[in-house]
Amino acid sequence: MASRSKIMSWLWCAIVLVVGCFSTSVAAITIKGKETDREALLAIKSQIRHDPLGVTSSWNNSVALCSWEGITCGRKHQRVTMLGFRHKQLTATLSPYVGNLSFLRYIDLGNNSFDGFIPLEIGQLSMLQILVLSYNSFQGTIPANLSHCSTLTWFSANRNNLVGNIPAELGDLLKLEVLYLHFNDLTGLLPTSLGNISTLQRLYLYNNHLQGRVPATLGLLKSQSISRKSPY
């Protein structure tokens with residue numbers, strides 16, 4: 001009995017030790033993750049040239065990261081899940097460090113003065129569901145690797161200065177419901193691959209320089225609203 005009791009005691013100590021080590025490891029990962037988010041957000045702040053409303057004035061060490069204006073964190077891990085700057089009168093370029101906010105589900109930069117290129121690093125955000133870049137001055141092409149954002153349901157980049165073709169890879173966004181690319185300088189043919197997106201409900205492409213006919217594959221979509229003319 002004494003031997004059995006001693007074995008049980010050892011087992012109990014081992015369990016406590018394992019649980020303690022696991023909890024410590026989880027805590028360490030959480031702290032490291034939050035620090036990564038903080039560094040990414042400060043990099044984003046460093047690219048803001050004009051902030052007349054003082055949106056990012058709370059982005060400092062005296063305020064908890066999840067209390068910074070425009071930021072929302074998840075309850076469980078306290079990681080940044082939302083970046084919301086709509087109508088904040090910001091003049092900025094978007095730092096590629098946005099791609100390090102690995103828990104991001106929602107980005108809304110609409111109605112500001114963001115310029116420069118859409119960072120390729122956004123394609124690293126595998127949890128991203130909504131990407132709103134409308135009414136800015138983004139230049140260059142639409143990154144083809146946005147197709148890696150496999151959970152994306154809404155992508156709007158209308159009213160910018162985007163050029164080049166609409167990437168065929170966007171047809172891999174099989175959960176996409178809304179695609180707004182109107183009022184840009186896009187050229188080329190409309191990719192037939194967009195017909196792969198059975199969830200697509202709204203597709204606005206007017207006021208670009210696209211050529212050719214609407215691909216027959218888009219007619220196979222169950223629910224669609226393809227507009228070449230302005231609804232406004």
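Hydrogens, waters and symmetry mates are skipped; everything else that's a heavy atom, side chains included, is used. The first residue of the sequence shown is numbered 1, and numbering continues consecutively from there.
Here the side chains of L133 and F114 are not in contact, with every heavy-atom distance at 4.5 Å or above. The shortest distance between side-chain heavy atoms of L181 and L186 falls below 4.5 Å. Contact of the D108 side chain with the I130 side chain is not registered, since no non-hydrogen atoms from C-beta on lie closer than 4.5 Å. Residues L210 and L205 have side chains in contact (heavy-atom distance under 4.5 Å, counting atoms from C-beta outward). No side-chain heavy atom of N207 sits less than 4.5 Å from a side-chain heavy atom of N184. Side-chain atoms of L83 and L104, non-hydrogen and from C-beta on, do get closer than 4.5 Å to each other. Between L174 and S198 the shortest side-chain heavy-atom distance does not fall below 4.5 Å.
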Output, in order, the C-alpha distance, side-chain angles, deciding distance and verdict of side chain to side chain contact (heavy atoms under 4.5 Å, CB included) for K34 and Q78. CA-CA 7 Å; K34 291 183 69 175; Q78 293 294 293; 4.1 Å; yes

Assess whether side chain to side chain contact (heavy atoms under 4.5 Å, CB included) is satisfied between L194 and L170, documenting all intermediate values. CA-CA 7 Å; L194 295 182; L170 295 187; 4.2 Å; yes

I would like to know whether E177 and T199 meet side-chain hydrogen bond (donor to acceptor under 3.5 Å, both in side chains); could you show each step before the answer? CA-CA 5 Å; E177 298 175 6; T199 54; 5.9 Å; no

Can you check side chain to side chain contact (heavy atoms under 4.5 Å, CB included) on R86 and V132, steps first, answer last? CA-CA 9 Å; R86 178 177 287 269; V132 178; 3.3 Å; yes

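Side-chain heavy atoms closer than 4.5 Å link hydrophobic residues (I, L, V, M, F, W, Y) into clusters, and following such links, possibly through other members, connects L173 to L131. Follow the hydrophobic side-chain contacts under 4.5 Å out from Y106 and you reach Y180 in the same cluster. Side-chain heavy atoms closer than 4.5 Å link hydrophobic residues (I, L, V, M, F, W, Y) into clusters, and following such links, even through other members, never connects F117 to I166. The hydrophobic cluster containing L42 also contains V63, counting ILVMFWY residues as joined when their side-chain heavy atoms lie under 4.5 angstrom apart, directly or transitively. The cluster map of Ile, Leu, Val, Met, Phe, Trp and Tyr, joined by side-chain heavy atoms under 4.5 Å apart, puts V163 and I122 in different clusters.
Between the side chains of S156 and S134, at least one donor-acceptor pair of N or O atoms lies under 3.5 Å. Between the side chains of S58 and E69, not a single donor N or O lies within less than 3.5 Å of an accepting N or O. Of the N and O atoms on the side chains of W59 and S57, not one donor lies less than 3.5 Å from an acceptor on the other residue.
The closest donor-acceptor contact from the side chain of S193 to the backbone of A168 lies under 3.5 Å. Formation of a donor-acceptor pair under 3.5 Å by the D185 side chain with backbone atoms of N161 is not found in this model. Looking at T153, its side chain does come within 3.5 Å of a backbone N or O of Q129 through a donor-acceptor pair. In this structure, the side chain of N136 does not engage the main chain of R159 through any donor-acceptor pair within 3.5 Å. Judged by distance alone, with hydrogens and angles left aside, the side-chain atoms of S137 form no donor-acceptor pair with the main-chain N or O of S113 at under 3.5 Å. Formation of a donor-acceptor pair under 3.5 Å by the N158 side chain with backbone atoms of H182 is not found in this model. Side-chain atoms of Q124 come within 3.5 Å of backbone N or O of G99 as a donor-acceptor pair. For the pair D37 (side chain) and V80 (backbone), a donor-acceptor distance under 3.5 Å is present.
For Y204 and F183, the ring centers sit 6.0 Å or farther from each other.
Salt bridge status for D115 with R49: present, with a side-chain N to carboxylate O gap under 4.0 Å.
Heavy-atom neighbours of K45 NZ from other residues, nucleotides or ligands within 6.0 Å: above the threshold of 12.
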